[in-house]
Amino acid sequence: MKSSCCFLLAFLTSAVLLAQNRDWTLSSGKVEKYTGIVVANGRIGILPDDKPFRTKSIILNNVYDKESPQGVSKILLGINFAQLGLEIDGERIDENNISDWRQTLDMKAARFTTQFTFKDKAKISYTIYALRNMQYSGYIDIQIHPLKNLELKAIGIIETPEEYHSPNSTFRVLQDLETTMPILQTVAESRLGRHIVSSSATFIWHGINSTRENQRPELVHEPVSSYENQLSFKKTLIKGKPFEFAWTGAVCSTQDFEDPQTESERFVIFNLLTPKKDLLQRHKMLWEELWKGDIVIEGNLQDQLDVRLALYHLYSFSRGDSDLSIAPMGLSSQNYNGHIFWDTELWMFPPLLMLNQDIARSLVNYRSDRLGKAKEKAINFGYKGAMFPWESDDTGEEATPAWALTGTFEHHITADVAIAFWNYYRVTQNKDWLKARGYPMLKEVADYWVSRSTLNEDGSYSIKNVVGANEFAPNVDDNAFTNGSAITALQYATEAAKTLGETTDPWWTNVASKIRILKFPDGTTKEHATYNGERIKQADVNLLTYPLDVVNDEETVLKDLKYYEPKLAEEGPAMAQSIFAVIYAQLGNAKEAYRLFRRSYEPNKRPPFGALAEAATSDNPYFATGAGGMLQVVLAGFGGLEITNEGIVQKNPILPKEWKSLTLKGVGPNRKTYTVK
């Protein structure tokens, strides 16, 4: 009887663990059209491939060089240390001689595992980590289960992208007393020579003293070319006796280090000489800390996975200790040149502010650190205060290509930054930060909008010649969202001044109260002065309801929703649907909110893991902006969370019939839990 009880307990425990794991993992076999899911740590992003032991790229956060002699800045691909090759009995493993292919993303532990069978000779798996604790490095853990006696050759590869030049590829064995440290390394210049980038890597053998040269397999340096640097070893494997080893690498640049060559070696040496258990446990602990801010959906597994994947990406693309921001595609690609847009402040920042104030602080500090350049831009364009670039890079100067009118005329970004700053204070109530960073920013932004506004004959103010959120309409006057965000920024500057006991500028209140919000004869909000029902790229007018609360009477809110939703272009980005969904949820219409929630991302999912493209008609994942939008539907829509002067409060949550419950964990500085049933 006792053994039966133990068996039943073990079975139930296993079933519970399996059910929990289903909420955290995405798996797939071979598919015809493949979009990988990046593993990232806020500094580097490693994008796996659907070919054995290959990765497509490594992306470096905040490391830029000009894309061309006459171009703008573009984020750099890292020198790719995350490549491997494997030969068994002299035959190279590739996609043509394997079976049982399976790839799994474990979002909870932030690891990506590939497993397959090589002929009838071996079962193989390997797991990729972008180490959260070692932010410039990655780790690939390999396991081989021989089905026969066999001869193994493992090849570690550093691959230099073609955009680099003058690569110097070497192999050295460093030594301190009896400790030997083999280092494969490539150092090269970025596209136009702005940066030196160094990538170092080495093998690690578990269970033996890999630091003593006479106890490890013999390493052979095999430079294929200056752009492909290889290190290999051979080993005889015995049937039924598993063999484990690892390949670790790091990539550093002169953006972050005076001596990236030596620093990349130090990261690799640390990983080499730190026990695997300790190294990976620290990575796991840091991710456990991140997941204290979580969203739990009961009753719909697919929605749970979709939402978790969105949150996983925002956590992966950011760090609370970096004072860096997030590009629209995060660390998954070089799309949009890796520049920083309003995508951060309006779309990704709000969910992160609710669930992780450390990361939120980095995002606002990124802008604060570039306030000087924003003030210079305002002067250069004849305005006062601070004027932020539409596309920003490490410098804080305008990084938009000159041909794009958005860079010269899409000015609402300056208000978006200010709104994020005041909301950060409202959630954290950190007056020291407000005094040192928040209010200086809000004051300069308010001065900008006063100088940017034009007095009309009737005493009202207009903001003329702008590109609004709807970028299909360039160079228009009195754009709804631009005007509404300017009003909000001016009001927030006044509130911040009063909070700190500073003297308020009466012009801030005067201009804010008189900026035009145009209407059609029936009371529907008019997108801009000459708008006449044309299709729109994304929500503009509706942003005045959420998140701005400038238009808040229910009759107008509904008119605006019904008028503008049918005008959305299919090729527009996903976020507009998210805004409509939030507003419907706040109005108490769960059915419409859920319809638009799913529509905000479902057509944009790409196989096999559900990576989000920017639009239903595009193929450029991963779109972190869309992830931010869908998360706001859950938090601010269904969850009813609202950022107020008293912090985060819950107002009128609503549950779609497709869910049994919604639990929001780790909300705000006090890590509160809210449950909706």
Side-chain angles (χ1 to χ4, degrees), residues 23-26 36-48 59 61-62 105-112 128-138 280 282-297 304-333 340 343-345 347-366 420 424 427 601 609-612 621-632 634-635 663-669 671:
D23 295 346
W24 289 96
T25 59
L26 298 165
I37 289 290
V38 72
V39 287
N41 59 20
R43 282 287 182 182
I44 65 171
I46 305 172
L47 183 61
I59 300 290
N61 197 2
N62 198 49
L105 172 69
D106 181 343
M107 293 181 281
K108 191 170 189 177
R111 59 191 178 193
F112 189 90
I128 302 173
Y129 300 85
L131 293 172
R132 193 83 189 180
N133 45 322
M134 299 293 291
Q135 58 182 314
Y136 296 91
S137 69
L280 298 185
R282 181 62 180 161
H283 166 86
K284 182 180 178 182
M285 287 172 56
L286 291 172
W287 270 95
E288 286 175 351
E289 185 67 24
L290 287 172
W291 284 118
K292 287 181 179 178
D294 191 19
I295 296 169
V296 180
I297 297 168
Q304 172 69 88
L305 291 170
D306 291 341
V307 167
R308 278 244 172 86
L309 185 62
L311 190 52
Y312 162 83
H313 276 96
L314 293 196
Y315 286 158
S316 295
F317 294 156
S318 57
R319 296 187 68 87
D321 54 12
S322 67
D323 286 351
L324 296 180
S325 195
I326 311 174
M329 302 297 173
L331 295 173
S332 65
S333 76
I340 309 302
D343 300 54
T344 307
E345 281 77 21
W347 304 101
M348 296 180 251
F349 178 76
L352 287 169
L353 176 59
M354 289 182 177
L355 298 175
N356 192 299
Q357 292 75 54
D358 286 345
I359 291 175
R361 184 175 61 254
S362 277
L363 302 185
V364 288
N365 285 354
Y366 168 86
Y424 177 78
V427 169
Y601 72 90
F609 304 106
L612 296 185
Y622 184 88
F623 190 45
T625 313
M630 66 179 289
L631 290 171
Q632 289 190 57
V634 178
L635 293 163
T663 303
L664 310 175
K665 295 183 176 181
V667 175
R671 296 189 181 276

Do the side chain of [X] and the main chain of [Y] share a donor and acceptor less than 3.5 angstrom apart?
X: S332; Y: Y622; result: yes
X: S362; Y: R319; result: yes
X: H283; Y: R132; result: yes
X: D106; Y: R111; result: no
X: E288; Y: K108; result: no
X: Q632; Y: W347; result: yes

Flag side-chain contact, heavy atom, 4.5 Å: [X] against [Y]:
X: I37; Y: H313; answer: yes
X: I359; Y: L314; answer: no
X: L131; Y: R282; answer: no
X: N133; Y: M285; answer: no
X: Y424; Y: L353; answer: yes
X: V427; Y: M354; answer: no
X: I326; Y: I340; answer: no
X: I44; Y: Q135; answer: no

Value rounded to 0.5 Å, distance of [atom1] in [X] from [atom2] in [Y]:
X: K665; Y: L355; atom1: NZ; atom2: CG; value: 12.0 Å
X: L363; Y: L352; atom1: CG; atom2: CG; value: 6.0 Å
X: L105; Y: W24; atom1: CG; atom2: CH2; value: 11.0 Å
X: S318; Y: F349; atom1: OG; atom2: CZ; value: 11.5 Å
X: L286; Y: N41; atom1: CG; atom2: CG; value: 10.5 Å
X: S322; Y: N61; atom1: OG; atom2: CG; value: 7.0 Å

With sequence neighbours left out, the residues meeting side-chain hydrogen bond (donor to acceptor under 3.5 Å, both in side chains) with R361 are D358
By side-chain hydrogen bond (donor to acceptor under 3.5 Å, both in side chains), which residues pair with S316, not counting sequence neighbours? none
Please determine whether a side-chain nitrogen of the Lys or Arg among R308 and D294 lies less than 4.0 Å from a carboxylate oxygen of the Asp or Glu. yes
Can you see which heavy atom on [X] is nearest to which on [Y], and at what distance?
X: G36; Y: A611; result: O-CB, 4.3 Å
X: M107; Y: W291; result: O-NE1, 3.1 Å
X: L331; Y: G42; result: CD1-C, 3.7 Å
X: L612; Y: G626; result: CD1-C, 4.2 Å
X: V38; Y: I46; result: CG2-O, 3.2 Å
X: I59; Y: S333; result: CD1-C, 3.8 Å

Test of ring centre spacing under 6.0 Å for W287 and Y312: yes
Side-chain donor-acceptor contact under 3.5 Å, Y601 with D306: yes
